[in-house]
Amino acid sequence: MRLEPLYQATFTTPEKWSVDLAGPAGTEGQSFLIAEGRCEGRLSGRLRGANYPRRRTDNALLPDFRGVLQTSDGAVCSSRGTDTPGRAQVECASW
């Protein structure tokens with residue numbers, strides 16, 4: 001089976017907030033980012049989303065992205081990306 005990408009997303013994060021928590025094993029961080037942009041490819045349209053990434057004490061960043069892609073024909077697709085490579089989920093419905 002060959003996997004083909006549905007789209008490529010380009011976005012900015014115009015609003016973001018972060019906090020750090022220092023402890024005996026190091027400093028962890030938690031952030032919240034609003035994303036706005038576009039997707040192009042087999043699915044194309046406006047992208048809006050949020051990322052709630054965590055930074056571990058070893059500085060590894062664990063993203064938790066959830067968003068919505070609104071296509072020009074009125075379909076709405078929700079997507080979720082996690083820290084596991086290749087495990088993004090996309091679900092579409094026409095409203």
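Annotation: the span from Thr10 atom OG1 to Glu40 atom CD amounts to 7.5 Å, rounded to 0.5 Å.
Taking all atoms of both residues into account, the shortest heavy-atom contact from Cys39 to Leu69 is CB-CD1, 3.7 Å. The two residues Ala25 and Thr57 have their closest heavy-atom pair at O-CB, 3.7 Å. Of all heavy-atom pairs spanning Ser18 and Ser31, the tightest one is OG-OG, 2.6 Å.
Side-chain atoms of Glu36 and Pro14, non-hydrogen and from C-beta on, do get closer than 4.5 Å to each other. Glu15 has its side chain out of reach of Phe32: every pair of non-hydrogen atoms, C-beta onward, lies at least 4.5 Å apart. Put simply, the side chain of Arg55 reaches to within 4.5 Å of the side chain of Leu61, judged on heavy atoms.
If you chain together hydrophobic residues whose side chains sit under 4.5 Å apart, Tyr52 and Ile34 fall into the same group.
Within a 6.0 Å radius of CZ in Arg46, no more than 12 heavy atoms belonging to other residues, nucleotides or ligands are found. In Gln8, the CD atom is not crowded: 12 or fewer heavy atoms of neighbouring residues, nucleotides or ligands sit closer than 6.0 Å.
Under the 3.5 Å distance criterion, the side-chain polar atoms of Asn51 are matched with a main-chain donor or acceptor of Asp64. Proximity of a side-chain donor or acceptor of Gln70 to a complementary backbone N or O of Ala75 within less than 3.5 Å is not detected.
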